Protein chains: 2
Amino acid sequence: MVSIKDVARVAGVSDKTVSRVVNGEPNVTADTIEKVQLAIADLGYIPNLAARSIRSNRTNIIGIITDFISTTPYSGDIVRGVQDWAGANGRTVLLANTDGDPTRETNVWRTFKAHRIDGVLYVAMYHRVVVPAAGEVSIPTVLVNSHPEDGYVYPSIEPDDFGGSYALTEHLIALGHRRIGYIRLNPLLLGANQRLDAFLTAAQAGGIAESDLVIRLGMEGPVGRETNYVYREALDMLSMPDRPTALVCGNDEMALQAYLAALSLGLRVPDDITIVGFDDFRTVSLGLKPELTTVALPYYDLGWQGANMLDQLVHGKGSETERRILKCLVVARQSSARRGDATPRQAIGSF
Amino acid sequence: MVSIKDVARVAGVSDKTVSRVVNGEPNVTADTIEKVQLAIADLGYIPNLAARSIRSNRTNIIGIITDFISTTPYSGDIVRGVQDWAGANGRTVLLANTDGDPTRETNVWRTFKAHRIDGVLYVAMYHRVVVPAAGEVSIPTVLVNSHPEDGYVYPSIEPDDFGGSYALTEHLIALGHRRIGYIRLNPLLLGANQRLDAFLTAAQAGGIAESDLVIRLGMEGPVGRETNYVYREALDMLSMPDRPTALVCGNDEMALQAYLAALSLGLRVPDDITIVGFDDFRTVSLGLKPELTTVALPYYDLGWQGANMLDQLVHGKGSETERRILKCLVVARQSSARRGDATPRQAIGSF
DNA sequence: TTCAGCAATGTCGACGTCGTCAATTGAAAT
DNA sequence: ATTTCAATTGACGACGTCGACATTGCTGAA
């Protein structure tokens, strides 16, 4: 592989001068610059970042650690956000996943340290409480889509599940719905409780009696291998004589099953039943017909901004205790309508 | 950061001896080993891979380049396969994506070269023809889920779309279906034509008249921003007086829309209409009720085996021209049934 | 006893880059 | 003409690691 010395020889200057040109340092003659650049182009020289890093103690590499989230479709957007930030800021992204296995996690941290990466974005499933096994010598770390267990301190960036769910519920109430069904996420996930709490709070604030809320558990069991009751519960709920006029689902995949249940009962969305989801997972939310009203989780931004927070931290400018919460916007599509009203409304989302 | 020399000082040996212990070289006293390991543990020493790599000219890093595939849910499994291979073989994965933008692609290759990575896995959307901009000095490269344009030579690993589609069609014929609908993928995707060709070939081999096949275009337009006709076409096809008894969809997301169309017409799956997809994209194929009969694309294995091929190449053992084709198995679930028969059958897939 | 032979350990330099500091040049100031 | 100073360039070493080779010390054979 061609090195700075090869370039120096060809250009007839010292290696240090080549270094100056490569790094855009001042006090180099235009003439010299040209000679050097010519040689660089000729030889196809590209600086060796490893060599650079052993001198500078900075690698410009950031690592992403994912737990089982990597098996979900969500993770992709977060990672893409990080990548795009990295690309725009001259960093490179090292990727590793642990499948939730502590042994593998330890290895990943070791590997990252061995690479002397500048920092780590720890991306966890949904919104779970998490403690990175950073070990003795620690790398600057930001938790993405999760936050640390009590007693541990890490900066984090998380979606505002509560706010999103609250706004979604208000949306339904504004549409005149008074009898509302709710299918819960796996309670193991932090987001699950926040979403439900917000739903209940908003319903109460909207003057809806608890007796008019029908709440069912959609899935339970270990994350990633849960038992799924959604279809059954949706069927059941929608078969009630006084069935809800609107059905809130813990996420979009649950909403899919709710659609299927509704349709197979001969109900039409949104004419007979309003169905809404959560996440705005496009494959589902745009794949459903009519398209799904849901809440957009800012996955891409979690990644991008998380990377940005990490960068601040690496440069000593960030706060060790920052907890940044990103807004979740309601994306109103055609699956929600005024109670007893089939007319599609204007979208209020950002798309 | 603690270096090999710090360890040497604490252990009271030379740095070279520490190096020997770290790399498991022979001819070191058990006593010495212990002293050194103690010092290592004390100081939390972790070898600096950058320094190692400038001596050895090997980084044990492999890069993944994705084009817009990273916006699809599929890419995740491929990347996971690569990661798992890397984790199991002491490699690290550098990740970059181009969004299909040639400028970004050029930058990505530059960055990868600057890191002196050992090789590149070029992962392309679906199954598209692709030319990596490797540039003058080339890094060993394997194309994953895609293959090179005519005139270019790169090893590649691809799914057997044709075989999978053929088997799926045979499956339907074996179930007694004689009048079959087909909704095509975006023709821009290589997989699209292979799947359609296989369908036609298998239908002919099964003695089905062309007049009994109803073929519709499901989407067209630039990859990633296509116009979607699936729902409309499915509605239309299923409203025909002599409607097909089985409907083959270009992929699982299309099958989702076919379900919705069927259900909204009051048809039941699979009693009234058999629907099958392609990809086995779990969010959809398992999220649909009844669960979807489809063809499993071996995304994870594409990643794992692709990484393996690349490794061979890096070590000079691989072939520059290998084109490995991975089988796609039919996963029979409950959405396909004998014509006019509602009884669910035994799954023949591997799950 | 002497020495070959081998195991155990150390010294030194090189990898590619860049920071430090010195050397050289030319022009402006005296 | 001499001095001063800034601009330009180069020589050298250090970063962390390990390969090549040297040194030390011990064993066993002659």
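Labels below follow one simple rule: chain letters A, B, ... track the order of the sequence lines, proteins then strands, and each chain is numbered from 1. On a predicted model such as this, the values are computed, not experimentally measured, just so you know.
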Of all the choices, dT17(D), dT17(C), dC15(C), which nucleotide is nearest to the side chain of Arg52(A) once you look at every atom? dT17(C)
Taking atom C1' of dG16(D) as reference, at what distance in whole Å does atom CZ of Arg9(B) sit? 13 Å
Rounded to whole angstrom units, what separation is found between the NZ atom of Lys5(B) and the C1' atom of dA14(D)? 8 Å
Gap between atoms NE2 and C1', on His115(A) and dG16(D) respectively (whole Å): 15 Å
Please work out if Thr32(B) contacts a base, only the sugar-phosphate, or nothing of the nucleic acid, heavy-atom cut-off 4.0 Å. sugar-phosphate
Can you give me the closest heavy-atom contact between Val93(B) and Gln83(B), atom names plus distance? CG2-CA, 4.2 Å
Regarding Val22(A), tell me which of base, sugar-phosphate or nothing describes its non-hydrogen contacts under 4.0 Å with the strands shown. nothing
When we call it a touch if two heavy atoms are under 4.0 Å apart, what does Pro47(B) touch: a base, just sugar-phosphate, or nothing? sugar-phosphate
So, Asn308(A) and Trp85(A): side-chain donor and acceptor under 3.5 Å apart, yes or no? yes
Mapping Arg55(A) and Arg55(B) onto DNA chain C by nearest heavy atom, which one lands closer to the 5' end? Arg55(B)
dT9(D) P sits how many Å from Lys35(A) NZ, rounded? 7 Å
Quick check for you: among dT9(D), dT17(D), dC18(C), whose closest atom lies nearest to any side-chain atom of Ser3(B)? dT17(D)
Rounded off to whole Å, could you give me the CZ-to-C1' distance for the Arg20(B) and dT11(C) pair? 11 Å
The residue, Ser19(B) or Asn27(A), whose nearest nucleotide of DNA chain D is more 5′ is Asn27(A)
To the side chain of Asn48(B), which of dG16(D), dA14(D), dG19(D) is closest? dG16(D)
Side chain of Thr17(A) - closest among dC18(C), dG10(D), dC15(C): dG10(D)
Val153(A) and Glu320(A): which non-hydrogen atoms are nearest, and at how many Å? CG1-O, 3.4 Å
Which atom of Phe112(A) lies closest to which atom of Leu94(A), heavy atoms considered: CZ-O, 3.9 Å
Once you round it to whole Å, what is the distance between P of dG16(D) and CZ of Arg116(A)? 8 Å
Minimum-distance nucleotide to Asp15(A) side chain [options: dT17(C), dG16(C), dT17(D)]: dT17(C)
Given DNA chain C, 5'-ward residue of the pair Ala51(A) and Lys16(B), judged by closest heavy atom: Lys16(B)
For Asp118(A) and Thr59(A), what are the C-alpha separation, side-chain angles and deciding distance, and is it a side-chain hydrogen bond (donor to acceptor under 3.5 Å, both in side chains)? CA-CA 6 Å; Asp118(A) 294 340; Thr59(A) 56; 3.3 Å; yes
Whole angstrom is fine here: how far is it from CD in Glu25(A) over to C1' in dC21(C)? 14 Å
Look at the side chain of Asn23(B) and decide which nucleotide, out of dC18(D), dT9(D), dT9(C), has an atom nearest to it. dC18(D)
Atom CD1 of Ile4(A) and atom P of dG10(D) are separated, to the nearest Å, by 12 Å
Kindly say if Thr29(A) contacts the phosphate of dT9(D), meaning a side-chain N or O under 4.0 Å from OP1 or OP2. yes
If you look at every heavy atom in Ile157(A) and Met309(A), which pair is closest and at what distance? CB-SD, 3.9 Å
